[in-house]
2 protein chains.
Amino acid sequence: MLTNNRLVSTGRFTTRPLYLQVRDALASRIAGGEWKPNAAIPNEGDLAREFGVSSGTMRKALDLMEGERLLTRRQGRGTFVNDQSSDELAVRFSNIRAADGERVTGELKLLGISQASANPAECGRLRLRPDDKVWRIQQVRLHRGEPFMVEEASMPVSLFPGLDEQEAMPHRIVVLAQQYGILLGKGDERVSIGAASPSVAEALNLKAGGPILVLDRVVHNLDGHPVEWRLGMGHFADKYYLAEIG
Amino acid sequence: MLTNNRLVSTGRFTTRPLYLQVRDALASRIAGGEWKPNAAIPNEGDLAREFGVSSGTMRKALDLMEGERLLTRRQGRGTFVNDQSSDELAVRFSNIRAADGERVTGELKLLGISQASANPAECGRLRLRPDDKVWRIQQVRLHRGEPFMVEEASMPVSLFPGLDEQEAMPHRIVVLAQQYGILLGKGDERVSIGAASPSVAEALNLKAGGPILVLDRVVHNLDGHPVEWRLGMGHFADKYYLAEIG
DNA sequence: AAGTGGTCTAGACCACTCA
DNA sequence: GAGTGGTCTAGACCACTTG
C-alpha cells in the first residue's frame, strides 16, 4: 500500500512485501520517464529515507531491479537507469549468430504498416479479444546489404497508440517499448522448420518451397503480458539460432 | 578461506565474500553426496552457527543456491536438496515441444558407446586437448514409439570414469552428472537447418538430403566448464524448439 | 505450540571510484 | 577524502506448515 511515497502495511491483512512495493514505485518512475535512461538515481540511503524503509529493504528492491535489467549498480559510482536502446540491451531478443559466433542484428527495412482487428492467431498469442485492434508491420532484415529474414510483427494498438504517425518509427520492439513507457521482461521463441512461401522466397532470393527456419516470438512486459508477436522467416544458411538453456 | 567449517577472513588481502565461501562449502556437501537428494538440511540458524556467520549471510548463500537449482526452500517446512533426476529438473535441457505445447522428452535407445581421443570439434566445444579422451554415445530418441531424433554425445572421460562399465547407464546428462557428483549450471544450444545424412534419414524414416533441425548443445557445470557436447538431429515435423529469451 | 523460512530493521565496516 | 555500492552482523517479527 503506497501513499505519497510512504509505504505502510495495515498489519491486519496480508500485504505485498515492502521491497516489492518499493520496486513497483521505482519502476513506475522509470516507465513514466521521471527517471531518464542513463541517469543516476539517488543513493541507497537517501532512497530508503525517502520511502521510509530500511536500507536493507531498499537494497533488496534495487537488486531485484538490476536483475530485471532496469538498473545498473556500480560500486563506488552509483546506480543508473539502463538505456534499453543501448548497444548492449537493444539486441537482447536477437539470438541469431553468424558462423563465427558473432551476433547478427542487421538493419531493418520497413515494408508496410497497417491496422486491423486481431485475427485468431493474434488473439491467442497476444491474449486479445477479436474486436481488439493490432498494428501489423512487415519488415525485411539485412545483413551486409543482403536480405536474410522476413518479419511480420503484430502489436496491440492499445499499447502503442499513434504508432503510424511517428516520423521516424523505431523498428526494435525494445526501443519502441521504452518510448511508450513499457518495461519489457522475458520472451519465448518457437523455432521450427518451414517451407519458403513464394513471397518470402522472392524477398530472400530463395527457392520457393525450400526449407527455412521460422522464428515465432512473443515478447512480454515485466508482468508477463504479451507486448509483441513476431514471425521471422529465413534460411540462415551460414547462421544459427543460439539459445541459452538450463 | 575455509578451515574446519570455520570461515575466516585475513583482513589483509582481498578475500572471496563469505557468502560465496559458504555456498561453495554447502555445494560440495551436495556434490560429494554428504547431503542426499530430497534430504532436508539444517535450518538457517543452525547452519549459520555451524559456519560462524550471521543468519543474513547464510541466507544469502542459501538463496543463491536456490537460484542455482541446488536447493528448494519452503516456508514453514525447511530447506531441501533438489533431486536433479526428478521429473521437474531432469528435463531442464530439453526444449522440444509438441504442437500442443507439451514438452517432448521421449525415451532413449542406446545405439553404441565408445572411447576415443578428442577430435578437433570435441576439443573446441569441450575445451579439451587432442590427447584427452572422450566417451562417444549414439542414441535415438523415441516419442510414442516413433524415432524422431538421432543424438551423438561426447563427454570427457576424465569427468565420467568407468562410464561404460555401469550396468544400467543413465541416458540423461542430468542424472549422470548427479551420480558423478557434478553440479550442472547452464548450457547453450545452437539451432540450425541441416540436411539428413543417409544414416540419419534411415534411422528416422526420412528422405536422405531432406531438411532437418540440428541441435548443437553444450552443457556446463556450475563453474562454466563444459561437461557434455551433444548433436541432435531430427525433422520435428509436428514439433518445435522452444527458447526462453530476454 | 513449536519450528521453519520470509521480511525488515539499524546499524558497522570494506572496496571501489573520482575529484 | 568524500561518496558510492557491497558485505556482514544480530537481532525482531511475521507467515506458513506440521504435529
Side-chain angles (χ1 to χ4, degrees), chain A residues 1-2 5-26 35 38-82, chain B residues 1-2 5-26 35 38-82:
Chain A
M1 209 164 298
L2 174 63
N5 285 342
R6 192 132 209 105
L7 303 159
V8 297
S9 57
T10 65
R12 180 177 284 276
F13 304 106
T14 299
T15 60
R16 188 166 170 75
L18 262 183
Y19 71 92
L20 290 179
Q21 297 181 49
V22 171
R23 184 212 79 106
D24 292 347
L26 299 182
W35 285 344
N38 293 317
I41 72 173
N43 69 48
E44 210 170 282
D46 287 350
L47 283 173
R49 233 164 287 123
E50 180 192 348
F51 281 88
V53 302
S54 76
S55 61
T57 297
M58 182 53 69
R59 163 164 286 272
K60 196 161 180 177
L62 294 171
D63 284 349
L64 208 151
M65 294 174 74
E66 190 170 31
E68 294 173 325
R69 310 218 208 194
L70 297 178
L71 299 174
T72 297
R73 318 193 73 190
R74 267 176 274 181
Q75 190 175 20
R77 297 204 47 202
T79 301
F80 303 85
V81 178
N82 281 344
Chain B
M1 207 166 300
L2 174 63
N5 286 344
R6 194 135 206 99
L7 304 158
V8 296
S9 57
T10 65
R12 181 178 284 277
F13 304 108
T14 299
T15 59
R16 188 168 169 73
L18 262 183
Y19 71 93
L20 290 179
Q21 297 182 49
V22 171
R23 185 213 79 105
D24 292 346
L26 299 182
W35 284 343
N38 293 318
I41 72 173
N43 69 47
E44 210 170 283
D46 287 350
L47 282 173
R49 233 164 286 123
E50 180 192 349
F51 282 89
V53 302
S54 76
S55 62
T57 297
M58 182 54 68
R59 163 164 286 271
K60 195 160 179 177
L62 294 171
D63 284 348
L64 207 151
M65 295 174 74
E66 189 170 33
E68 294 173 325
R69 311 218 209 195
L70 297 177
L71 299 174
T72 297
R73 318 194 73 191
R74 267 175 275 181
Q75 189 175 20
R77 298 204 47 201
T79 301
F80 303 85
V81 179
N82 281 344

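Reminder, nothing fancy here: chain letters follow the sequence lines and each chain counts from 1.
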Participant: Flag the pair A:Leu20 / A:Leu64 as yes when at least one side-chain heavy-atom distance between them is below 4.5 Å, and no otherwise.
Facilitator: yes
Participant: Rounded to whole Å, how long is the line connecting atom CG of B:Leu18 with atom C1' of C:dA15?
Facilitator: 15 Å
Participant: I'd like to check the side-chain hydrogen bond (donor to acceptor under 3.5 Å, both in side chains) partners of B:Arg59; sequence neighbours left out, ordered by chain and number.
Facilitator: B:Glu44
Participant: Take the protein atom CZ of B:Arg16 and the nucleotide atom P of D:dC8, then report the distance between them rounded to whole Å.
Facilitator: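 It is 11 Å, rounded to the nearest whole Å.
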Participant: Can you name the atoms? Protein N/O to nucleotides 17-19 of chain D N/O, anything below 3.5 Å, with the distance.
Facilitator:
unit_1: D:dT18; atom_1: OP1; unit_2: B:Arg77; atom_2: NE; d: 3.2

Participant: Can you list the residues that meet the side-chain hydrogen bond (donor to acceptor under 3.5 Å, both in side chains) rule with B:Glu68, with sequence neighbours excluded?
Facilitator: B:Arg23
Participant: Going by the rule side-chain contact (heavy atoms from CB on, under 4.5 Å), which residues pair with A:Ser54 if we only count those two or more places apart in sequence or in a different chain?
Facilitator: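 side-chain contact (heavy atoms from CB on, under 4.5 Å) list for A:Ser54, sorted by chain: A:Thr57.
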Participant: Whole angstrom is fine here: how far is it from CE in A:Met58 over to P in C:dA10?
Facilitator: 13 Å
Participant: Is the closest side-chain heavy-atom distance between A:Asp24 and A:Arg16 below 4.5 Å?
Facilitator: yes
Participant: If you check the A:Pro17 side chain, which of D:dT7, C:dC8, D:dT9 turns out closest?
Facilitator: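 Nearest nucleotide to the side chain: C:dC8.
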Participant: How many whole angstroms separate atom CD1 of A:Ile41 from atom P of D:dT4?
Facilitator: 12 Å
Participant: Show the nearest heavy-atom pair for residues A:Asp63 and A:Arg73, with the distance to one decimal.
Facilitator: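 Shortest heavy-atom separation between A:Asp63 and A:Arg73 comes out as OD1-NH1, 3.4 Å.
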Participant: Please determine if a side-chain N or O atom of A:Tyr19 lies less than 4.0 Å away from the OP1 or OP2 oxygen of C:dT7.
Facilitator: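 For A:Tyr19, the contact criterion (side-chain N or O under 4.0 Å from OP1 or OP2 of C:dT7) is met.
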Participant: Counting heavy atoms from C-beta on, name the nucleotide in C:dG5, D:dC8, D:dT4 closest to the side chain of B:Asn43.
Facilitator: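 Out of C:dG5, D:dC8, D:dT4, the nucleotide with an atom closest to B:Asn43's side chain is C:dG5.
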Participant: For the pair made of CZ in B:Arg49 and C1' in D:dG11, what is the distance, rounded to whole Å?
Facilitator: 13 Å
Participant: Check whether any side-chain nitrogen or oxygen of A:Arg73 sits under 4.0 Å from OP1 or OP2 of D:dT4, and answer yes or no.
Facilitator: no
Participant: Return the 5'-most residue of the pair A:Ser54, B:Asp46 with respect to DNA chain C, ranking by each residue's nearest nucleotide.
Facilitator: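 The 5'-side residue here is B:Asp46.
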Participant: For DNA chain C, what residues of residues 59-69 of chain B have any heavy atom nearer than 4.0 Å?
Facilitator: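 Within this stretch, B:Arg59 sit under 4.0 Å of the strand.
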Participant: Who are the side-chain contact (heavy atoms from CB on, under 4.5 Å) partners of A:Asp46, not counting sequence neighbours?
Facilitator: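 With sequence neighbours excluded, A:Asp46 shows a side-chain contact (heavy atoms from CB on, under 4.5 Å) to A:Pro42, A:Asn43, A:Arg49, given in chain and number order.
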Participant: In whole angstrom, what separates B:Glu44's CD from C:dC8's C1'?
Facilitator: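 In whole Å, C:dC8 C1' and B:Glu44 CD are 13 Å from each other.
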Participant: Report the residues that fulfil side-chain hydrogen bond (donor to acceptor under 3.5 Å, both in side chains) with A:Ser55, sequence neighbours left out, ordered by chain and then residue number.
Facilitator: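 Counting only residues at least two positions away or on another chain, A:Ser55 forms no side-chain hydrogen bond (donor to acceptor under 3.5 Å, both in side chains).
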Participant: Which residues pass the side-chain hydrogen bond (donor to acceptor under 3.5 Å, both in side chains) test with A:Asn38, sequence neighbours left out?
Facilitator: none
Participant: Whole angstrom is fine here: how far is it from CZ in A:Phe51 over to P in C:dC8?
Facilitator: 14 Å
Participant: Of all the choices, C:dG5, C:dT9, D:dG5, which nucleotide is nearest to the side chain of B:Thr79 once you look at every atom?
Facilitator: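 Selected nucleotide: C:dG5.
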